[in-house]
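So you know, we letter chains A, B, ... as the sequences are listed, proteins then strands, and number each from 1.
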There are 2 protein chains.
Amino acid sequence: MAELHEHNTATLLRSAGRRVTNARLQVAHVLQHSRGHLSASGVLAGVRQADGHIDQSTVYRVLADLRDTGLVAESRFGNSEATYEWIAGDDHHHLHCVECGETTQLSSDLVDRFDGAVLEQHGFRAENRHMVINGVCERCSVE
Amino acid sequence: MAELHEHNTATLLRSAGRRVTNARLQVAHVLQHSRGHLSASGVLAGVRQADGHIDQSTVYRVLADLRDTGLVAESRFGNSEATYEWIAGDDHHHLHCVECGETTQLSSDLVDRFDGAVLEQHGFRAENRHMVINGVCERCSVE
DNA sequence: AGTGTTCCTGCAAGTATTCGCAAAAAGTCG
DNA sequence: CGACTTTTTGCGAATACTTGCAGGAACACT
């Protein structure tokens, strides 16, 4: 199974025009096997735990690169660190409640429709792979 | 005029529940009188040029605070630095072309409609004061 | 496998951003 | 104008993130 994953990851990397390297596979593996968001240092820790070694700067570079290819989503909530999660090309959008801090999923439909409207009115092809919308969730809204 | 600006800024700060301090007025002043986006170090330079002195850490704190009150918008394009601009509570949205790097305005209507749809489907009250949408602009799209 | 080209990575800085704490300023009330 | 309470600020670290460069690895071709 690990190999299946790895194989898929390799394929994804290749079709994104990237070389299949140890560093990328390790980072991908850590993200794939962690639920929720992970910070850069969390990824680093994960790699070390798996007895691997990658330099800090490489982790940052790989994360930025995977973000650019759409395999990984980068979020910046209020915190001091950015966080990352494996999305493997699927669009992935968040509603982040500024009251309780909870994060939920936003349906892609709405975003697609929005992108469509942007294209129509501005001629701009939005590449909204990953949005973080701040606001107040239903539960907190009631109080 | 400078006084009028300052007066307005003071009022805005007060109604946001913030104290009117020298540091905040200076940062606001620099942002108000610069067109386009300014980095944190740019703000610092602006303050120094106006013969003022504020600590670096204060600039960051003030910027984060003004961002939270909605007076300032924070953007992170591909660059290493975040950039800021004075928006004084008005919503302000950007279309950022990843090809040519150009940034244009996105009409608030579309965003409002989107926010409405989010509320309807998710019960989530979006506070979209400032969005940055990445994508490809019309001109670059044609090539 | 051997060679060449191009992309990636580690290392060692460098820059950007945040934090803790004590002193100073802002707002409040009498 | 004081005295008092709460927020801000400066300073000095600490942490988060980026970059330049030279060696190492991936891939394509033979």
Between A:D65 and A:R24, is there a side-chain N and carboxylate O pair less than 4.0 Å apart?
-> yes
Whether B:R113 side chain and B:V111 backbone form a donor-acceptor pair below 3.5 Å | no
Measure the distance from CZ on A:R76 to P on C:dA16 and round it to the nearest whole Å.
-> 14 Å
Let me know the distance between CZ of B:R14 and C1' of D:dT6, rounded to the nearest Å.
-> 16 Å
Produce the list of close N/O pairs, under 3.5 Å, pairing protein atoms with atoms of nucleotides 28-30 of chain D; give distances to one decimal.
none

Check nucleotides 7-10 of chain D against the protein and report each pair of N or O atoms closer than 3.5 Å, with its distance, or say if there are none.
from: D:dT7; atom 1: O4'; to: B:R19; atom 2: NH1; distance (Å): 3.2
from: D:dT8; atom 1: OP1; to: B:R24; atom 2: NH2; distance (Å): 2.4
from: D:dT8; atom 1: O5'; to: B:R24; atom 2: NH2; distance (Å): 2.5
from: D:dT9; atom 1: OP1; to: B:T21; atom 2: OG1; distance (Å): 2.7
from: D:dG10; atom 1: OP1; to: B:H53; atom 2: O; distance (Å): 3.4
from: D:dG10; atom 1: OP2; to: B:D55; atom 2: N; distance (Å): 3.1
from: D:dG10; atom 1: OP2; to: B:T58; atom 2: OG1; distance (Å): 2.5
from: D:dG10; atom 1: N7; to: B:R61; atom 2: NH2; distance (Å): 2.8
from: D:dG10; atom 1: O6; to: B:R61; atom 2: NH1; distance (Å): 3.4
from: D:dG10; atom 1: O6; to: B:R61; atom 2: NH2; distance (Å): 3.1

What does A:A64 touch in the nucleic acid at a heavy-atom separation under 4.0 angstrom: a base, only the sugar-phosphate, or nothing?
-> nothing
Short question: side chain of B:R48, backbone of B:G46 - any donor-acceptor pair under 3.5 Å?
-> no
Would you say A:Y60 reaches D:dT18's phosphate, i.e. side-chain N/O to OP1/OP2 under 4.0 Å?
-> no
Could you give me the CA-CA distance, side-chain angles and deciding distance for B:R125 and A:E138, then say whether side chain to side chain contact (heavy atoms under 4.5 Å, CB included) is met?
-> CA-CA 7 Å; B:R125 278 193 293 119; A:E138 188 152 29; over 6 Å; no
Expected output: side-chain B:S15 to main-chain B:T11 donor-acceptor under 3.5 Å | yes
Roughly, in whole Å, what's the span from CD in B:Q26 to P in C:dA25?
-> 14 Å
Value rounded to 0.5 Å, distance of NE2 in A:H96 from CZ in B:F124 = 8.0 Å
May I ask you to decide if the ring planes of B:H130 and B:H94 are parallel, tilted or perpendicular, using 30° and 60° as cut-offs?
-> perpendicular
Ordered by number, residues from residues 38-49 of chain B within less than 4.0 Å of DNA chain D (heavy atoms) are none
Interatomic distance, A:E74 CD vs D:dT18 C1' [rounded to whole Å] | 13 Å
Decide yes or no on side chain to side chain contact (heavy atoms under 4.5 Å, CB included) for A:V27 and A:Y84, but give the supporting numbers first.
-> CA-CA 11 Å; A:V27 170; A:Y84 302 85; over 6 Å; no
Would you say B:C137 and B:E99 make side-chain contact, with heavy atoms under 4.5 Å?
-> no
Between B:V43, B:L63, B:V72, B:L44, which is the residue that forms a side chain to side chain contact (heavy atoms under 4.5 Å, CB included) with B:L38?
-> B:V43
Checking A:H93 side chain against A:M131 main chain: does a donor-acceptor pair fall under 3.5 Å?
-> yes
Length of the CG-C1' vector between B:L25 and C:dA25, whole Å = 13 Å
In whole Å, what is the span from the CD atom of A:E81 to the P atom of D:dT18?
-> 13 Å
